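Notes to accompany the following structure.
Values reported hereafter were calculated over all heavy atoms of this structure, with side chains retained and with hydrogens, waters and symmetry mates removed. Please read all numbers here as calculations on a predicted model, not as lab measurements.
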Amino acid sequence: MHEIPHPSMALNAPGLYPMRMWNTREVADNVTPIWLVRNIVSVALSAPETGKLAALVINCHSYVTEDMEILGLKLGTGIYYKDISKFNKLKNRVDAIYVQSCALARGEKGKAFCKKLARETMANVYAAENDQLVPNTYELGHLKPGLIDDYEGPIYKFGPGGEMTPQTFKSVLAGSDQSY
């Protein structure tokens, strides 16, 4: 379990154990990407002192093809590559985005998705290449607000310029660029 910077917002898909942050939301299946962006901006503007979020946590499944190519995120009505440009309204409103989703950074399409999200938001985006494990019930019961579960496998930081850097999770939280 790792601490996320404050103020933070968590977006949770229904049916998943929720990550709890300063602001937490379960995203209903009928929420479109543009409405989701408007909600994130509204929450960021209400953040004390800064008017922005230090972190946005996205907790959902990924859409994949039969050959395991990444298509997007199963959040609301879905967030696909074509939708990412709508997230440009998050520029200067979010410092870092932590995606708790299976294999979002897998393959060329997954990495392209993450790079575009980082460029559009001008935030650092952190995503894993491997499937993510669900902690056991005991661990989840001890997951306090402001914490997220460990990432499994290789993690990448996608910078605002779209550059990709391998990370260890400890280096993600420390803000350094240590490689595996």
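Not a single side chain to side chain donor-acceptor pair (under 3.5 Å) links Asn23 to another residue, sequence neighbours left out. Here Tyr80 pairs with Tyr63 under the ring pair (Phe, Tyr, Trp, His ring centres under 6.0 Å) rule; sequence neighbours left out. In this structure His61 satisfies the side-chain contact (heavy atoms from CB on, under 4.5 Å) test together with Leu16, Lys74, sequence neighbours excluded. With sequence neighbours excluded, the residues satisfying side-chain contact (heavy atoms from CB on, under 4.5 Å) with Ala128 are Gln132, Tyr151.
Looking only at side-chain heavy atoms (C-beta outward), Ile79 and Leu36 come within less than 4.5 Å of each other. Under the 4.5 Å side-chain criterion, counting only non-hydrogen atoms from C-beta, Phe113 is in contact with Leu104.
Taking a 6.0 Å sphere around NZ of Lys86, one finds it holds more than 12 heavy atoms contributed by other residues, nucleotides or ligands. Counting non-hydrogen atoms of other residues, nucleotides and ligands closer than 6.0 Å to CE of Met164 gives a total above 12. Crowding of Asn88 atom CG: a count of heavy atoms from other residues, nucleotides or ligands under 6.0 Å exceeding 12.
For the pair Pro160 and Asn124, the tightest heavy-atom approach, listed with the atom from each and the gap, is CD-OD1, 3.3 Å. Nearest approach of Asn39 to Arg25, heavy atoms of both residues: OD1-NH1, 3.0 Å. Nearest heavy atoms, Ser8 versus Pro5: CB-O, 3.3 Å. When all heavy atoms of Cys60 and Ala13 are compared, the pair lying nearest together is CB-CB, 3.7 Å. In plain terms, the two heavy atoms of Ala127 and Cys114 that are nearest each other are CB-SG, 3.8 Å. Smallest separation of non-hydrogen atoms from Gly78 and Asp83: O-OD2, 3.7 Å.
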Donor-acceptor pairs under 3.5 Å, side chain of residues 47-59 to any protein atom, not counting sequence neighbours: which ones?
| unit_1 | atom_1 | unit_2 | atom_2 | d |
| --- | --- | --- | --- | --- |
| Thr50 | OG1 | Lys52 | N | 3.2 |
| Thr50 | OG1 | Lys52 | O | 3.0 |
| Lys52 | NZ | Asp95 | OD1 | 2.8 |
| Asn59 | ND2 | Asn12 | OD1 | 2.8 |
| Asn59 | ND2 | Tyr17 | O | 2.9 |

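Put simply, Trp22 and Val41 are part of the same group of oily side chains (I, L, V, M, F, W, Y) that touch within less than 4.5 Å, one to the next. Val31 and Leu90 fall within the same hydrophobic cluster, where Ile, Leu, Val, Met, Phe, Trp and Tyr residues are linked whenever their side-chain heavy atoms come under 4.5 Å apart, directly or through other members. Connection of Met122 to Phe158 is not established within any shared hydrophobic cluster, with ILVMFWY side chains joined at heavy-atom distances below 4.5 Å, either directly or through further cluster members.
Note that CD1 of Ile148 and OH of Tyr126 are 10.5 Å apart. Values are rounded to the nearest 0.5 Å. Here the straight-line distance linking atom OH of Tyr98 with atom CD1 of Ile155 works out to 11.0 Å at 0.5 Å rounding. For the atom pair OH (Tyr81) and CG (Leu73), the distance works out to 14.0 Å, reported to the nearest 0.5 Å. The OG atom of Ser62 sits 11.0 Å away from atom CG of Leu75, with the distance rounded to the nearest 0.5 Å.
The main-chain N or O of Ala10 is never found under 3.5 Å from a side-chain atom of Thr24 such that the two would form a donor-acceptor pair.
Here side chain to side chain donor-acceptor pair (under 3.5 Å) pairs that include residues 110-121, with residues two or more places apart or in two chains, are Lys111-Glu129.
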